[in-house]
Number of protein chains: 2
Amino acid sequence: MRDFSRSLPMSLLRAREAVMRQFRPSLREHGLTEQQWRILRALAAIEAVEVTELARTAFLLGPSLSRILRDLEARNLIERKTAKADQRRSMVSISKEGVKLMASVAPNSEAIYAEITRRFGARKLAELQDMLGALEQSLAELGSAEEASAEE
Amino acid sequence: MRDFSRSLPMSLLRAREAVMRQFRPSLREHGLTEQQWRILRALAAIEAVEVTELARTAFLLGPSLSRILRDLEARNLIERKTAKADQRRSMVSISKEGVKLMASVAPNSEAIYAEITRRFGARKLAELQDMLGALEQSLAELGSAEEASAEE
DNA sequence: CGCATTCACTTAACATGTTAAGTATCTCCC
DNA sequence: GGGAGATACTTAACATGTTAAGTGAATGCG
């Protein structure tokens, strides 16, 4: 069997960890996890979104998002109100405090990103992102590959 | 601020998820998580390893590994014995049952990997892996970037 | 030797990942 | 208009990620 440490999943995992290791300390100082930061960033770009749409944008599963939103709301970093037209949906938006927190984290975050870009090379970075996108595309139609064996 | 869905961490996350989504159902049928599978694969390649070394190979943090080893041992998929020379260290190895389980999972797993390779292209895959390795290298010296602000 | 320090893990505590089940609301169609 | 089915979440339960603290065994050095 192929040396698994050279497998694609491991390469992706290690690469991502190498990148995230740069950001985590800074986020941590502001009391934010990587996922909470993703949510705030996603919210900063728009007026308000439904939870399901936010899950897609921040690439989080529903249950994770539910928990995190509950916590972020308790910390007054976001706001929620149920949609008028459909009581099932709730519209989420970033609060004034949330915006303030983002403003205090963003410069450092940008600096780190810039340093990563500098080290790896802007061109190579763009190329890498293209390939990652292409990989995603290649596997998109495959879905979740349930053809393994017979299940219910 | 840059559209975060196009950031490097998100690209890496989505790409990895697209890949892992292919494998998870198959592993799940055999009662294995992705991490448990990584450990078995790492163990299959050698006689026995220390826990710390295994953590490095399987790219897991100590605490996660501790828990998983406890569970895998309870399921008789691995074996442990403390090293003679140093009572602190314990040597971990895969059991006969573990080998058998691997044999039942591996074919499917290989087939999935082959399909991914086919779809994305073997050459592009190799290229991507090279870039991921290079990215890791670029950030290796950076360590964990504690220069954000003053902490102990 | 003796004991402070280091080392190899393990536990603890809290946050998220993942799947399944639950709840309230809405839609559609008879 | 009313009930079956779909939708938009939320809760539950268990596994892992992540940092800090704990434990027992080795090491170094005065």
Side-chain angles (χ1 to χ4, degrees), chain A residues 9 13-14 16-17 20-39 48-56 58-75 77 80-92 144 146 151-152, chain B residues 9 13-14 16-17 20-39 48-56 58-75 77 80-92 144 146 151-152:
Chain A
L13 182 58
R14 277 196 305 258
R16 185 171 144 83
E17 178 53 28
M20 286 317 299
R21 182 165 45 236
Q22 313 302 320
F23 290 100
R24 260 190 286 269
S26 166
L27 291 177
R28 188 172 171 65
E29 282 172 28
H30 294 276
L32 289 175
T33 65
E34 178 196 334
Q35 293 81 356
Q36 292 167 350
W37 178 238
R38 286 219 300 273
I39 292 173
V49 263
E50 298 170 16
V51 173
T52 301
E53 168 70 5
L54 181 55
R56 224 171 38 73
F59 209 71
L60 292 168
L61 293 177
S64 294
L65 185 54
S66 259
R67 281 178 307 215
I68 301 175
L69 288 181
R70 166 168 48 68
D71 298 350
L72 291 179
E73 189 174 22
R75 287 165 68 182
L77 296 175
R80 266 202 276 205
K81 41 187 165 184
T82 53
K84 300 139 192 74
D86 188 339
Q87 299 290 103
R88 292 171 304 179
R89 299 165 197 270
S90 87
M91 304 303 287
V92 185
S144 28
E146 291 289 344
E151 62 242 272
E152 39 53 285
Chain B
L13 182 57
R14 277 195 305 256
R16 186 172 143 80
E17 179 54 27
M20 287 316 301
R21 182 166 43 236
Q22 313 302 318
F23 290 100
R24 261 190 287 268
S26 167
L27 292 177
R28 187 172 172 66
E29 280 172 28
H30 294 276
L32 288 175
T33 65
E34 177 196 334
Q35 293 82 356
Q36 293 167 349
W37 178 238
R38 288 219 298 273
I39 292 174
V49 263
E50 299 171 16
V51 173
T52 303
E53 168 69 5
L54 181 55
R56 224 171 38 71
F59 209 70
L60 292 168
L61 293 178
S64 293
L65 185 52
S66 259
R67 279 178 307 214
I68 301 176
L69 288 181
R70 167 168 49 67
D71 298 350
L72 291 180
E73 190 174 22
R75 287 166 68 183
L77 296 175
R80 265 201 277 205
K81 41 188 165 185
T82 53
K84 300 141 192 73
D86 188 338
Q87 300 290 103
R88 292 172 305 182
R89 299 166 197 269
S90 86
M91 304 302 289
V92 185
S144 28
E146 290 289 344
E151 62 240 273
E152 30 59 289

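To find a chain, count down the sequence lines: A is the first, B the second, and so on, and within it residues start at 1.
- Of the side-chain N and O atoms in B/Gln35, none sit less than 4.0 angstrom from OP1 or OP2 of C/dG17.
- Taking only side-chain atoms of B/Pro63, from C-beta outward, the nucleotide of D/dG17, C/dA12, C/dA15 with the closest atom is C/dA12.
- Between the CG atom of B/Leu54 and the P atom of C/dT10 there is a distance of 11 Å, given to the nearest Å.
- Note that the OG atom of A/Ser90 and the NZ atom of A/Lys81 stand 11.5 Å from one another [nearest 0.5 Å].
- Listed nucleotides C/dA8, D/dT16, D/dT18 differ in distance to B/Arg89; the shortest reach to its side chain belongs to C/dA8.
- Looking at heavy-atom distances under 4.0 Å, B/Leu65 makes no contact with the nucleic acid at all.
- Going from atom CZ of A/Arg24 over to atom C1' of C/dA15 covers 12 Å, rounded to whole Å.
- Between the C1' atom of C/dC14 and the CG atom of B/Leu61 lies a distance of 15 Å, rounded to the nearest Å.
- Comparing D/dA25, C/dT25, C/dG17 by their closest approach to the side chain of A/Gln87 singles out C/dT25.
- For A/Glu17, counting side-chain heavy atoms from C-beta on, the closest listed nucleotide (D/dC9, D/dG17, D/dT18) is D/dT18.
- Ion pairing of B/Glu17 with B/Arg24 is present here, as a side-chain N (NZ or NE/NH1/NH2) and a carboxylate O approach within less than 4.0 Å.
- On a pure distance criterion of 3.5 Å, a polar donor-acceptor pair joins the side chain of B/Arg88 and the base of C/dC7.
- Taking 3.5 Å as the limit, the base of D/dG17 and the side chain of B/Arg67 contain a donor-acceptor pair of atoms between them.
- Here the P atom of nucleotide C/dT18 and the CG atom of B/Leu13 are 9 Å apart, to the nearest Å.
- A distance of 7.5 Å separates CG in A/Leu54 from CG in A/Leu60, rounded to the nearest 0.5 Å.
- For B/Gln36, a side-chain nitrogen or oxygen approaches OP1 or OP2 of D/dT16 to under 4.0 Å.
- Whole-Å rounding puts the A/Trp37 CH2 to D/dG17 C1' distance at 21 Å.
- Nucleotide C/dA15 holds its P atom 9 Å from the CZ atom of A/Arg70, rounded to whole Å.
- The side chain of B/Arg80 contributes an N or O atom lying less than 4.0 Å from OP1 or OP2 of C/dT10.
- Within the 4.0 Å cut-off from OP1 or OP2 of C/dT10, at least one side-chain nitrogen or oxygen of B/Ser66 is found.
- The main-chain N or O of B/Phe59 is found under 3.5 Å from a side-chain atom of B/Arg38 such that the two form a donor-acceptor pair.
- With values rounded to the nearest 0.5 angstrom, A/Gln36 atom CD is found 7.0 Å from A/Asp71 atom CG.
- In this structure, B/Leu65 and B/Val51 approach most closely via the heavy-atom pair CD2-O, 3.3 Å.
- Both A/Ser64 and B/Met91 lie close to DNA chain C; mapped to their nearest nucleotides by heavy-atom distance, the more 5′-ward contact belongs to B/Met91.
- The phosphate of C/dA8 has neither OP1 nor OP2 within less than 4.0 Å of any side-chain N or O from B/Thr52.
- The interatomic distance linking B/Phe23 (CZ) with C/dG17 (C1') rounds to 19 Å, in whole Å.
- Mapping A/Arg28 and B/Ile68 onto DNA chain D by nearest heavy atom places B/Ile68 at the nucleotide closer to the 5' end.
- Per the geometry, CG belonging to A/Asp86 stands 20 Å off P belonging to C/dT23, to the nearest Å.
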